[in-house]
Amino acid sequence: MTTDPRRTVPRTDDLLADPALAEPLARLGRAEVKRGVVAVQQRVRAGEVDPGAAVSAVLEVLPEVPVELVRVLNATGVLLHTNLGRAALSPAAVAALALAAGATDVELDLDTGARGRRGRGAMAALAAAVPAAGDVHVVNNGAAALVLAATALAGGGREMVIARGEMVEIGDGFRLPDLLESTGARLREVGTTNRVSREDYARAVGPDTGMILKIHPSNFVVQGFTSSVGPAELTGLGVPVVCDIGSGLLTPHPRLPEEPDAATTLASGADLVICSGDKLLGGPQAGLLLGDADLVHQLRRHPLARALRVDKLILAAFEATLRGPATPTARGLDTGVAELLARAQRLAARLAEDGVDASAVASAATVGGGGAPGVELDSAALSLPAGVARALRTGRPAVLGRVEQGRCLLDLLAVDPADDDDLLDAVRRAVAG
Ligand SMILES: *Cc1c(COP(=O)(O)O)cnc(C)c1O
(Lines give C-alpha, C1' and ligand atoms only; values in the text may rest on other atoms or scores of the structure.)
Protein backbone atom coordinates (compact mmCIF):
# COMPACT_ATOMS: atom_id res chain seq x y z
CA MET A 1 0.00 0.00 0.00
CA THR A 2 1.34 3.44 -0.89
CA THR A 3 0.53 6.41 1.29
CA ASP A 4 -0.52 9.63 -0.39
CA PRO A 5 2.55 11.88 0.04
CA ARG A 6 0.26 14.92 0.48
CA ARG A 7 -0.85 13.57 3.84
CA THR A 8 2.70 13.43 5.09
CA VAL A 9 3.85 16.87 3.95
CA PRO A 10 5.24 18.57 7.09
CA ARG A 11 3.25 21.64 8.10
CA THR A 12 4.75 25.08 7.48
CA ASP A 13 4.66 26.12 11.14
CA ASP A 14 6.26 22.87 12.26
CA LEU A 15 9.07 23.31 9.77
CA LEU A 16 9.60 26.96 10.71
CA ALA A 17 9.73 25.98 14.39
CA ASP A 18 12.44 23.38 13.81
CA PRO A 19 15.54 24.34 15.83
CA ALA A 20 17.72 23.78 12.75
CA LEU A 21 15.99 26.73 11.06
CA ALA A 22 16.48 29.17 13.95
CA GLU A 23 19.80 30.43 12.62
CA PRO A 24 18.59 30.92 9.01
CA LEU A 25 15.49 32.69 10.37
CA ALA A 26 17.70 35.19 12.18
CA ARG A 27 20.04 35.57 9.20
CA LEU A 28 17.49 35.70 6.36
CA GLY A 29 14.17 36.77 7.87
CA ARG A 30 10.93 34.82 8.04
CA ALA A 31 9.67 35.57 4.52
CA GLU A 32 12.81 34.26 2.86
CA VAL A 33 12.92 31.06 4.95
CA LYS A 34 9.22 30.51 4.32
CA ARG A 35 9.83 30.70 0.58
CA GLY A 36 12.33 27.85 1.00
CA VAL A 37 9.88 25.88 3.15
CA VAL A 38 7.09 26.22 0.58
CA ALA A 39 9.40 25.15 -2.23
CA VAL A 40 10.44 22.04 -0.30
CA GLN A 41 6.85 21.19 0.64
CA GLN A 42 6.04 21.15 -3.08
CA ARG A 43 8.88 18.72 -3.68
CA VAL A 44 7.67 16.49 -0.84
CA ARG A 45 4.19 16.56 -2.37
CA ALA A 46 5.69 15.58 -5.72
CA GLY A 47 7.41 12.66 -4.05
CA GLU A 48 10.89 14.09 -4.78
CA VAL A 49 11.83 14.66 -1.15
CA ASP A 50 11.26 12.34 1.77
CA PRO A 51 9.13 14.06 4.45
CA GLY A 52 11.77 13.20 7.05
CA ALA A 53 14.42 15.01 4.99
CA ALA A 54 12.38 18.19 4.59
CA VAL A 55 14.36 20.30 7.05
CA SER A 56 17.71 19.45 5.53
CA ALA A 57 16.25 20.10 2.07
CA VAL A 58 15.15 23.56 3.25
CA LEU A 59 18.64 24.25 4.58
CA GLU A 60 20.03 23.31 1.19
CA VAL A 61 17.83 25.66 -0.83
CA LEU A 62 18.26 28.68 1.45
CA PRO A 63 20.71 31.30 0.19
CA GLU A 64 23.63 32.58 2.23
CA VAL A 65 22.24 36.12 2.15
CA PRO A 66 18.74 37.24 1.16
CA VAL A 67 19.53 38.37 -2.37
CA GLU A 68 19.04 36.76 -5.76
CA LEU A 69 22.64 37.41 -6.75
CA VAL A 70 24.64 34.26 -7.42
CA ARG A 71 28.33 34.05 -6.68
CA VAL A 72 30.25 33.37 -9.90
CA LEU A 73 33.78 32.07 -10.27
CA ASN A 74 35.10 34.04 -13.23
CA ALA A 75 36.95 31.48 -15.33
CA THR A 76 36.24 33.31 -18.59
CA GLY A 77 39.77 34.63 -18.94
CA VAL A 78 38.30 38.13 -19.09
CA LEU A 79 39.81 39.91 -16.11
CA LEU A 80 37.26 42.72 -15.99
CA HIS A 81 34.03 41.11 -17.15
CA THR A 82 31.32 43.74 -17.50
CA ASN A 83 28.46 41.28 -17.01
CA LEU A 84 30.12 39.89 -13.88
CA GLY A 85 30.44 43.32 -12.29
CA ARG A 86 33.93 44.31 -13.49
CA ALA A 87 36.63 44.38 -10.80
CA ALA A 88 36.44 41.98 -7.86
CA LEU A 89 37.19 43.84 -4.64
CA SER A 90 40.16 43.11 -2.42
CA PRO A 91 39.44 41.60 1.01
CA ALA A 92 40.51 44.95 2.49
CA ALA A 93 37.86 46.74 0.43
CA VAL A 94 35.24 44.17 1.44
CA ALA A 95 36.09 44.72 5.12
CA ALA A 96 35.82 48.47 4.58
CA LEU A 97 32.30 48.00 3.17
CA ALA A 98 31.24 46.30 6.39
CA LEU A 99 32.79 49.04 8.51
CA ALA A 100 31.13 51.79 6.49
CA ALA A 101 27.74 50.10 6.73
CA GLY A 102 27.35 51.31 10.29
CA ALA A 103 27.68 54.85 11.60
CA THR A 104 31.11 56.33 10.84
CA ASP A 105 32.73 59.76 10.76
CA VAL A 106 32.32 59.92 6.96
CA GLU A 107 31.25 63.55 7.17
CA LEU A 108 32.21 64.54 10.70
CA ASP A 109 35.39 65.80 12.34
CA LEU A 110 35.51 63.84 15.59
CA ASP A 111 38.17 66.19 16.97
CA THR A 112 36.04 69.31 16.80
CA GLY A 113 32.61 67.70 16.61
CA ALA A 114 31.88 69.86 13.56
CA ARG A 115 30.96 68.78 10.05
CA GLY A 116 33.92 67.36 8.15
CA ARG A 117 34.68 67.00 4.45
CA ARG A 118 32.87 63.96 3.15
CA GLY A 119 35.15 61.11 2.17
CA ARG A 120 38.33 63.01 3.00
CA GLY A 121 40.24 59.75 3.63
CA ALA A 122 39.38 58.47 0.16
CA MET A 123 40.30 61.80 -1.44
CA ALA A 124 43.61 61.90 0.45
CA ALA A 125 44.43 58.36 -0.66
CA LEU A 126 43.70 59.22 -4.28
CA ALA A 127 45.70 62.45 -4.12
CA ALA A 128 48.63 60.54 -2.59
CA ALA A 129 48.44 57.92 -5.36
CA VAL A 130 48.63 60.62 -8.07
CA PRO A 131 50.80 63.48 -6.76
CA ALA A 132 50.64 65.22 -10.16
CA ALA A 133 46.96 66.03 -9.51
CA GLY A 134 46.34 69.44 -7.96
CA ASP A 135 43.08 68.14 -6.53
CA VAL A 136 40.77 65.14 -6.88
CA HIS A 137 37.09 64.38 -6.72
CA VAL A 138 35.10 61.15 -6.93
CA VAL A 139 31.58 60.66 -8.31
CA ASN A 140 29.28 57.75 -9.04
CA ASN A 141 30.99 56.38 -12.15
CA GLY A 142 33.05 57.35 -15.19
CA ALA A 143 29.97 58.44 -17.12
CA ALA A 144 28.94 60.70 -14.23
CA ALA A 145 32.41 62.25 -14.16
CA LEU A 146 32.09 62.99 -17.89
CA VAL A 147 28.64 64.48 -17.45
CA LEU A 148 29.83 66.67 -14.59
CA ALA A 149 32.80 68.00 -16.54
CA ALA A 150 30.77 68.52 -19.71
CA THR A 151 27.96 70.30 -17.85
CA ALA A 152 30.24 72.56 -15.86
CA LEU A 153 32.62 73.44 -18.68
CA ALA A 154 30.53 73.25 -21.85
CA GLY A 155 26.90 73.05 -20.74
CA GLY A 156 24.32 75.65 -21.73
CA GLY A 157 25.12 75.45 -25.43
CA ARG A 158 28.87 75.98 -25.30
CA GLU A 159 31.10 73.85 -27.48
CA MET A 160 33.17 70.83 -26.81
CA VAL A 161 35.82 69.96 -29.35
CA ILE A 162 36.27 66.24 -29.87
CA ALA A 163 37.99 64.08 -32.49
CA ARG A 164 35.66 62.15 -34.78
CA GLY A 165 37.61 58.94 -34.11
CA GLU A 166 36.94 59.27 -30.39
CA MET A 167 33.13 59.26 -30.57
CA VAL A 168 32.80 55.85 -28.98
CA GLU A 169 30.10 53.52 -27.78
CA ILE A 170 31.06 51.99 -24.44
CA GLY A 171 28.70 49.02 -24.60
CA ASP A 172 25.05 48.01 -24.32
CA GLY A 173 24.12 50.82 -26.72
CA PHE A 174 25.58 53.62 -24.59
CA ARG A 175 27.22 56.17 -26.83
CA LEU A 176 29.35 58.80 -25.22
CA PRO A 177 28.33 61.51 -27.76
CA ASP A 178 24.67 61.04 -26.74
CA LEU A 179 25.64 61.29 -23.08
CA LEU A 180 27.67 64.44 -23.72
CA GLU A 181 24.92 66.10 -25.77
CA SER A 182 22.42 65.39 -23.01
CA THR A 183 24.27 67.98 -20.93
CA GLY A 184 23.43 70.74 -23.42
CA ALA A 185 26.99 70.92 -24.70
CA ARG A 186 27.42 71.17 -28.46
CA LEU A 187 29.85 68.66 -29.93
CA ARG A 188 32.26 70.09 -32.43
CA GLU A 189 33.80 67.14 -34.25
CA VAL A 190 37.25 67.48 -35.76
CA GLY A 191 39.37 65.25 -37.99
CA THR A 192 38.30 62.03 -39.66
CA THR A 193 37.66 58.53 -38.34
CA ASN A 194 41.31 57.61 -38.62
CA ARG A 195 43.23 60.88 -38.44
CA VAL A 196 43.22 64.16 -36.57
CA SER A 197 45.90 66.84 -36.20
CA ARG A 198 46.68 69.66 -33.79
CA GLU A 199 45.64 72.11 -36.53
CA ASP A 200 42.18 70.54 -36.65
CA TYR A 201 41.76 71.31 -32.98
CA ALA A 202 43.32 74.77 -33.22
CA ARG A 203 40.95 75.75 -36.07
CA ALA A 204 37.90 74.56 -34.14
CA VAL A 205 38.63 76.30 -30.87
CA GLY A 206 36.86 79.64 -30.61
CA PRO A 207 35.13 81.95 -28.15
CA ASP A 208 32.31 79.43 -27.62
CA THR A 209 34.62 76.53 -26.79
CA GLY A 210 34.28 75.32 -23.21
CA MET A 211 36.66 72.39 -23.35
CA ILE A 212 38.58 70.00 -25.52
CA LEU A 213 37.67 66.41 -24.75
CA LYS A 214 39.92 63.49 -25.53
CA ILE A 215 38.39 60.05 -25.12
CA HIS A 216 40.55 56.96 -24.99
CA PRO A 217 39.08 54.25 -27.25
CA SER A 218 39.10 51.64 -24.51
CA ASN A 219 37.32 48.84 -26.39
CA PHE A 220 38.80 48.94 -29.89
CA VAL A 221 41.99 49.78 -31.78
CA VAL A 222 42.44 51.51 -35.10
CA GLN A 223 45.36 50.35 -37.17
CA GLY A 224 46.95 51.49 -40.39
CA PHE A 225 46.97 55.08 -41.65
CA THR A 226 46.14 56.76 -38.37
CA SER A 227 47.18 59.76 -36.33
CA SER A 228 45.92 61.20 -33.09
CA VAL A 229 46.90 64.13 -30.93
CA GLY A 230 48.05 63.77 -27.36
CA PRO A 231 47.23 66.23 -24.58
CA ALA A 232 50.74 67.71 -24.72
CA GLU A 233 50.02 69.16 -28.18
CA LEU A 234 46.69 70.61 -27.12
CA THR A 235 47.87 72.77 -24.26
CA GLY A 236 48.13 76.44 -25.07
CA LEU A 237 44.91 76.61 -27.07
CA GLY A 238 43.33 78.54 -24.23
CA VAL A 239 40.70 75.98 -23.18
CA PRO A 240 40.82 73.17 -20.62
CA VAL A 241 41.98 69.83 -22.01
CA VAL A 242 39.96 67.02 -20.44
CA CYS A 243 41.11 63.43 -20.99
CA ASP A 244 38.79 60.49 -20.42
CA ILE A 245 41.32 57.67 -20.10
CA GLY A 246 38.66 55.08 -19.31
CA SER A 247 40.39 52.30 -17.49
CA GLY A 248 41.69 54.02 -14.38
CA LEU A 249 45.32 52.99 -14.37
CA LEU A 250 46.83 55.59 -12.03
CA THR A 251 50.43 54.91 -13.06
CA PRO A 252 51.91 53.02 -16.02
CA HIS A 253 51.66 49.22 -16.02
CA PRO A 254 54.48 47.26 -17.69
CA ARG A 255 52.13 44.60 -19.06
CA LEU A 256 49.86 47.23 -20.66
CA PRO A 257 52.25 49.60 -22.43
CA GLU A 258 49.55 51.15 -24.65
CA GLU A 259 47.13 51.87 -21.83
CA PRO A 260 47.04 55.51 -20.72
CA ASP A 261 47.43 56.30 -17.02
CA ALA A 262 46.41 59.29 -14.93
CA ALA A 263 49.88 60.36 -13.77
CA THR A 264 51.42 60.35 -17.25
CA THR A 265 48.39 62.03 -18.82
CA LEU A 266 48.49 64.84 -16.25
CA ALA A 267 52.25 65.20 -16.58
CA SER A 268 51.87 65.60 -20.33
CA GLY A 269 49.61 68.60 -19.87
CA ALA A 270 46.00 67.47 -19.43
CA ASP A 271 44.05 69.83 -17.18
CA LEU A 272 41.65 67.16 -16.05
CA VAL A 273 41.73 63.35 -16.19
CA ILE A 274 38.58 61.26 -15.93
CA CYS A 275 38.47 57.52 -15.34
CA SER A 276 36.55 54.65 -13.76
CA GLY A 277 37.19 53.09 -10.36
CA ASP A 278 36.09 49.54 -11.17
CA LYS A 279 38.23 48.79 -14.19
CA LEU A 280 42.02 48.46 -13.98
CA LEU A 281 42.11 50.37 -10.71
CA GLY A 282 40.44 47.30 -9.24
CA GLY A 283 38.02 49.09 -6.93
CA PRO A 284 34.28 49.68 -6.63
CA GLN A 285 32.20 51.52 -9.24
CA ALA A 286 33.31 55.15 -9.16
CA GLY A 287 34.23 58.03 -11.44
CA LEU A 288 37.49 59.81 -10.73
CA LEU A 289 38.29 63.42 -11.59
CA LEU A 290 41.90 64.46 -11.14
CA GLY A 291 43.76 67.58 -12.16
CA ASP A 292 43.95 71.33 -11.94
CA ALA A 293 42.87 72.43 -8.45
CA ASP A 294 40.64 75.29 -9.63
CA LEU A 295 38.88 73.10 -12.18
CA VAL A 296 38.28 70.30 -9.70
CA HIS A 297 36.99 72.82 -7.18
CA GLN A 298 34.61 74.24 -9.79
CA LEU A 299 33.26 70.75 -10.54
CA ARG A 300 32.94 69.79 -6.88
CA ARG A 301 30.90 72.93 -6.17
CA HIS A 302 28.66 72.56 -9.24
CA PRO A 303 25.02 71.86 -8.25
CA LEU A 304 25.00 68.68 -10.33
CA ALA A 305 27.84 67.25 -8.23
CA ARG A 306 25.40 66.56 -5.41
CA ALA A 307 23.30 64.34 -7.66
CA LEU A 308 26.35 62.34 -8.69
CA ARG A 309 27.61 61.94 -5.13
CA VAL A 310 29.31 58.70 -4.32
CA ASP A 311 27.91 56.44 -1.61
CA LYS A 312 29.57 56.00 1.80
CA LEU A 313 30.14 52.28 1.18
CA ILE A 314 31.91 53.05 -2.07
CA LEU A 315 34.07 55.73 -0.48
CA ALA A 316 35.28 53.24 2.11
CA ALA A 317 35.90 50.44 -0.38
CA PHE A 318 37.65 52.84 -2.72
CA GLU A 319 39.98 54.12 0.00
CA ALA A 320 40.82 50.58 1.13
CA THR A 321 41.48 49.62 -2.51
CA LEU A 322 44.05 52.40 -2.78
CA ARG A 323 45.65 52.01 0.64
CA GLY A 324 45.40 48.23 1.03
CA PRO A 325 47.21 45.26 -0.50
CA ALA A 326 47.18 44.36 -4.20
CA THR A 327 43.69 44.04 -5.68
CA PRO A 328 42.52 40.86 -7.40
CA THR A 329 42.78 42.84 -10.65
CA ALA A 330 46.42 43.75 -10.00
CA ARG A 331 47.20 40.19 -8.94
CA GLY A 332 45.56 38.81 -12.08
CA LEU A 333 47.64 41.17 -14.22
CA ASP A 334 50.86 40.38 -12.39
CA THR A 335 50.63 36.59 -12.20
CA GLY A 336 53.09 34.92 -14.54
CA VAL A 337 52.01 32.21 -16.95
CA ALA A 338 54.31 29.60 -15.31
CA GLU A 339 52.49 30.02 -12.03
CA LEU A 340 49.08 29.79 -13.73
CA LEU A 341 50.10 26.69 -15.65
CA ALA A 342 51.39 24.99 -12.49
CA ARG A 343 48.06 25.77 -10.82
CA ALA A 344 46.10 24.37 -13.77
CA GLN A 345 48.24 21.21 -13.70
CA ARG A 346 47.64 20.71 -9.97
CA LEU A 347 43.90 21.11 -10.41
CA ALA A 348 43.81 18.85 -13.49
CA ALA A 349 45.76 16.15 -11.63
CA ARG A 350 43.33 16.21 -8.72
CA LEU A 351 40.38 15.92 -11.10
CA ALA A 352 42.05 13.15 -13.09
CA GLU A 353 42.38 11.20 -9.82
CA ASP A 354 38.59 11.28 -9.67
CA GLY A 355 38.37 10.03 -13.23
CA VAL A 356 37.47 13.41 -14.75
CA ASP A 357 38.66 14.09 -18.31
CA ALA A 358 40.71 17.18 -17.34
CA SER A 359 43.98 18.61 -18.56
CA ALA A 360 45.97 21.84 -18.24
CA VAL A 361 46.36 23.94 -21.37
CA ALA A 362 47.83 27.29 -22.36
CA SER A 363 45.23 30.03 -22.74
CA ALA A 364 45.00 33.67 -23.82
CA ALA A 365 43.21 35.95 -21.38
CA THR A 366 42.17 39.56 -21.95
CA VAL A 367 41.62 42.62 -19.79
CA GLY A 368 38.06 42.97 -21.09
CA GLY A 369 35.69 45.92 -21.12
CA GLY A 370 37.95 47.64 -18.66
CA GLY A 371 40.64 48.54 -21.13
CA ALA A 372 43.67 47.37 -23.09
CA PRO A 373 41.79 46.30 -26.24
CA GLY A 374 43.67 43.79 -28.34
CA VAL A 375 46.09 42.87 -25.56
CA GLU A 376 46.43 39.14 -24.89
CA LEU A 377 47.61 38.03 -21.48
CA ASP A 378 49.39 34.66 -21.40
CA SER A 379 47.39 32.43 -19.14
CA ALA A 380 46.51 28.81 -18.41
CA ALA A 381 43.24 26.94 -18.23
CA LEU A 382 41.68 23.70 -17.12
CA SER A 383 40.35 21.92 -20.19
CA LEU A 384 37.16 19.88 -19.64
CA PRO A 385 34.57 18.23 -21.87
CA ALA A 386 32.39 20.94 -23.45
CA GLY A 387 29.28 19.22 -22.10
CA VAL A 388 29.92 20.38 -18.53
CA ALA A 389 29.74 24.10 -19.40
CA ARG A 390 26.02 24.39 -18.75
CA ALA A 391 26.07 22.47 -15.47
CA LEU A 392 28.98 24.65 -14.32
CA ARG A 393 27.14 27.83 -15.24
CA THR A 394 23.95 26.82 -13.46
CA GLY A 395 25.68 25.41 -10.36
CA ARG A 396 26.15 27.19 -7.03
CA PRO A 397 28.57 28.87 -7.05
CA ALA A 398 28.26 29.27 -10.79
CA VAL A 399 31.42 28.76 -12.81
CA LEU A 400 31.70 30.66 -16.07
CA GLY A 401 34.27 29.41 -18.56
CA ARG A 402 34.38 29.53 -22.33
CA VAL A 403 33.84 26.82 -24.90
CA GLU A 404 36.51 26.56 -27.56
CA GLN A 405 37.05 23.82 -30.12
CA GLY A 406 34.87 21.32 -28.35
CA ARG A 407 36.34 21.87 -24.88
CA CYS A 408 35.19 23.87 -21.89
CA LEU A 409 38.13 26.02 -20.79
CA LEU A 410 38.33 27.35 -17.26
CA ASP A 411 40.93 30.13 -17.43
CA LEU A 412 42.62 30.72 -14.09
CA LEU A 413 43.87 34.31 -14.56
CA ALA A 414 40.78 35.90 -13.01
CA VAL A 415 40.11 33.14 -10.47
CA ASP A 416 41.37 33.86 -6.96
CA PRO A 417 43.70 30.98 -5.95
CA ALA A 418 41.80 30.94 -2.64
CA ASP A 419 38.77 29.77 -4.65
CA ASP A 420 40.55 26.79 -6.26
CA ASP A 421 38.92 24.27 -3.91
CA ASP A 422 35.48 25.72 -4.65
CA LEU A 423 36.30 25.45 -8.34
CA LEU A 424 37.27 21.79 -7.97
CA ASP A 425 34.10 21.01 -6.02
CA ALA A 426 32.00 22.77 -8.64
CA VAL A 427 33.62 20.78 -11.44
CA ARG A 428 33.12 17.50 -9.56
CA ARG A 429 29.44 18.33 -9.04
CA ALA A 430 28.98 19.36 -12.68
CA VAL A 431 30.62 16.20 -13.97
CA ALA A 432 28.54 14.02 -11.64
CA GLY A 433 25.50 15.65 -13.27
C1 LIG B 1 34.27 52.67 -19.28
C2 LIG B 1 34.41 53.97 -19.91
C3 LIG B 1 33.54 55.01 -19.60
C4 LIG B 1 32.38 54.84 -18.66
O5 LIG B 1 32.81 54.66 -17.35
P6 LIG B 1 31.79 54.00 -16.30
O7 LIG B 1 32.59 53.95 -15.04
O8 LIG B 1 31.43 52.68 -16.84
O9 LIG B 1 30.63 54.90 -16.20
C10 LIG B 1 33.75 56.24 -20.18
N11 LIG B 1 34.76 56.43 -21.05
C12 LIG B 1 35.62 55.44 -21.38
C13 LIG B 1 36.72 55.74 -22.34
C14 LIG B 1 35.47 54.19 -20.82
O15 LIG B 1 36.33 53.22 -21.15
Side-chain angles (χ1 to χ4, degrees), residues 78-89 122 126 136-151 153-154 160 162-183 185 187 196 211-222 228-231 241-250 253 256 258-262 264-266 270 272-291 299 304-305 307-311 314-315 317-318 321 327 329 366-375:
V78 181
L79 184 57
L80 299 165
H81 197 298
T82 306
N83 304 136
L84 299 180
R86 289 194 186 152
L89 296 185
L126 180 56
V136 300
H137 185 55
V138 179
V139 292
N140 184 52
N141 60 7
L146 265 178
V147 163
L148 182 58
T151 306
L153 302 178
M160 173 188 298
I162 179 170
R164 189 160 276 125
E166 297 177 9
M167 309 277 261
V168 305
E169 174 173 321
I170 54 178
D172 195 27
F174 281 105
R175 298 183 163 168
L176 291 184
D178 296 343
L179 181 79
L180 295 166
E181 279 177 336
S182 77
T183 67
L187 267 53
V196 65
M211 65 189 268
I212 293 173
L213 178 62
K214 286 207 43 72
I215 297 179
H216 175 62
S218 54
N219 51 12
F220 69 99
V221 270
V222 262
S228 63
V229 181
V241 178
V242 179
C243 292
D244 173 9
I245 62 169
S247 85
L249 270 189
L250 297 183
H253 194 288
L256 307 173
E258 302 299 322
E259 196 62 19
D261 66 275
T264 307
T265 308
L266 285 172
L272 193 68
V273 166
I274 286 172
C275 59
S276 298
D278 56 352
K279 296 181 179 173
L280 284 167
L281 194 136
Q285 179 186 303
L288 282 49
L289 295 142
L290 312 98
L299 300 187
L304 183 61
L308 309 175
R309 184 170 96 164
V310 66
D311 171 65
I314 301 293
L315 280 170
F318 179 69
T321 298
T327 63
T329 303
T366 58
V367 169
V375 173

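Keep in mind that the numbers below use all heavy atoms, side chains included, and drop hydrogens, waters and symmetry copies. Read the numbers this way: they start at 1 and go in the same order the structure lists the ligands and their atoms.
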Quiz prompt | Flag, side chain of N219 to backbone of E169, donor-acceptor distance under 3.5 Å | solution = yes
Quiz item: Using a 4.0 angstrom limit on heavy atoms, which residues are close to ligand 1?
Solution: R86, N141, G142, A143, I170, L176, I215, H216, S218, D244, G246, S276, K279
Quiz item: For E181, which residues count as a salt bridge (charged side-chain N to carboxylate O under 4.0 Å, His left out) partner, sequence neighbours excluded?
Solution: none
Self-check item: With S247 via side-chain hydrogen bond (donor to acceptor under 3.5 Å, both in side chains) - residues at least two apart
Solution: E259
Quiz item: Hey, does the side chain of K279 reach the backbone of V367 with a donor-acceptor pair shorter than 3.5 angstrom?
Solution: no
Quiz item: What distance do D261 atom CG and H216 atom NE2 have between them, rounded to the nearest 0.5 Å?
Solution: 11.0 Å
Self-check item: With sequence neighbours excluded, residues passing side-chain hydrogen bond (donor to acceptor under 3.5 Å, both in side chains) with H253
Solution: D334
